[in-house]
Structures are given as C-alpha cells and as structure tokens.
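Structure record follows, encoded as structure tokens.
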Amino acid sequence: YEADDGSDIVVFKDWLDGLQERYEFKMPIPHGHFLLFDKTYLTEKLKSSGYKLGYILKTSYTSRKYSYDEVKQIDDFKLLNVSTIITK
C-alpha cells in the first residue's frame with residue numbers, strides 16, 4: 001500500500017521470496033509472512049483514530065508419523081499485547 005506521495009505504508013512479503021526452493025519431502029515447505037509498516041504513519045493513524053494495536057500470532061505445525069501417512073496440520077493462536085479497543 002502506498003501513501004499519496006508514493007512512499008510505502010505497508011509491505012507484505014513471504015520471507016522465502018527470491019530463494020530457490022529445493023525440498024524433497026512431501027510436506028509443505030517451511031515459510032512465513034511478515035508485514036513492514038511505516039512507523040510514523042501507523043502511529044499517527046492510531047492516535048488520530050484513538051485505537052491501540054495488538055497482535056494475533058498464528059503458528060501452524062505439520063506432522064506425520066510415517067512417510068506414507070497423510071500430513072496433519074495443527075494451528076495454534078496466541079494473543080500478544082491485545083487489549084480492549086479504546087475509542088475517543
């Protein structure tokens with residue numbers, strides 16, 4: 001996402017972008033996503049709206065007992081610094 005002046009406000013990427021993938025196992029390739037926010041823009045936007053920011057962390061685990069078993073996925077969610085949204 002870009003600001004009116006063309007500068008980046010938010011950049012969303014996978015941390016494997018640009019890497020050559022070689023993975024011989026029949027399981028999903030380990031990967032993850034990240035967001036980069038312009039700190040000044042985000043701080044001003046939150047202050048002007050009267051909101052606080054919290055995070056939800058989702059971690060997905062995959063496993064199988066034997067190589068011929070179906071891959072099972074378990075999703076785990078954690079709330080980090082989440083509080084009630086305070087409005088003006």
Side-chain angles (χ1 to χ4, degrees):
Y1 297 101
E2 293 182 355
D4 294 334
D5 65 3
S7 61
D8 288 333
I9 297 171
V10 179
V11 177
F12 179 79
K13 291 188 175 185
D14 186 305
W15 53 263
L16 287 180
D17 280 351
L19 296 179
Q20 185 176 10
E21 298 175 0
R22 290 186 175 198
Y23 199 68
E24 298 176 15
F25 305 104
K26 293 182 180 179
M27 291 180 71
I29 296 173
H31 68 282
H33 306 285
F34 65 93
L35 288 171
L36 294 174
F37 277 93
D38 179 276
K39 185 177 180 179
T40 305
Y41 176 85
L42 183 59
T43 301
E44 291 302 316
K45 199 65 157 169
L46 290 170
K47 281 183 182 179
S48 69
S49 301
Y51 294 125
K52 291 189 175 185
L53 185 64
Y55 306 91
I56 299 174
L57 173 65
K58 175 185 175 187
T59 307
S60 298
Y61 303 95
T62 55
S63 68
R64 61 183 173 189
K65 189 169 184 176
Y66 300 104
S67 61
Y68 52 83
D69 284 346
E70 185 178 333
V71 175
K72 295 179 182 173
Q73 180 170 321
I74 299 169
D75 293 327
D76 181 43
F77 296 90
K78 292 184 182 178
L79 301 176
L80 307 172
N81 299 324
V82 176
S83 61
T84 305
I85 295 176
I86 301 170
T87 59
K88 291 182 179 180

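All of these numbers come straight from a predicted model, not from anything done at the bench.
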For the student: nearest non-hydrogen atoms of [X] and [Y], plus distance:
| X | Y | answer |
| --- | --- | --- |
| Arg64 | Glu70 | CB-O, 3.8 Å |
| Phe34 | Asp14 | CE2-C, 4.2 Å |
| Ser48 | Lys45 | OG-O, 3.0 Å |
| Asp38 | Asp8 | CB-O, 3.9 Å |

Take a 6.0 Å sphere around CD1 of Ile74 and say whether it holds more than 12 heavy atoms from other residues, nucleotides or ligands.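 Counting other residues, nucleotides and ligands, CD1 of Ile74 stays at 12 neighbours or fewer.
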What distance separates Asp75 CG from Thr62 OG1, expressed to the nearest 0.5 Å?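 Here the interatomic distance stands at 10.5 Å.
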Identify whether Phe12 and Leu42 are in the same connected component of the hydrophobic contact network (ILVMFWY, side-chain heavy atoms under 4.5 Å).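 Same hydrophobic cluster.
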Single-linkage hydrophobic cluster, 4.5 Å side-chain cutoff, Val71 and Tyr61 together: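 No, because Val71 and Tyr61 fall into different hydrophobic clusters, even though each may have its own neighbours under 4.5 Å.
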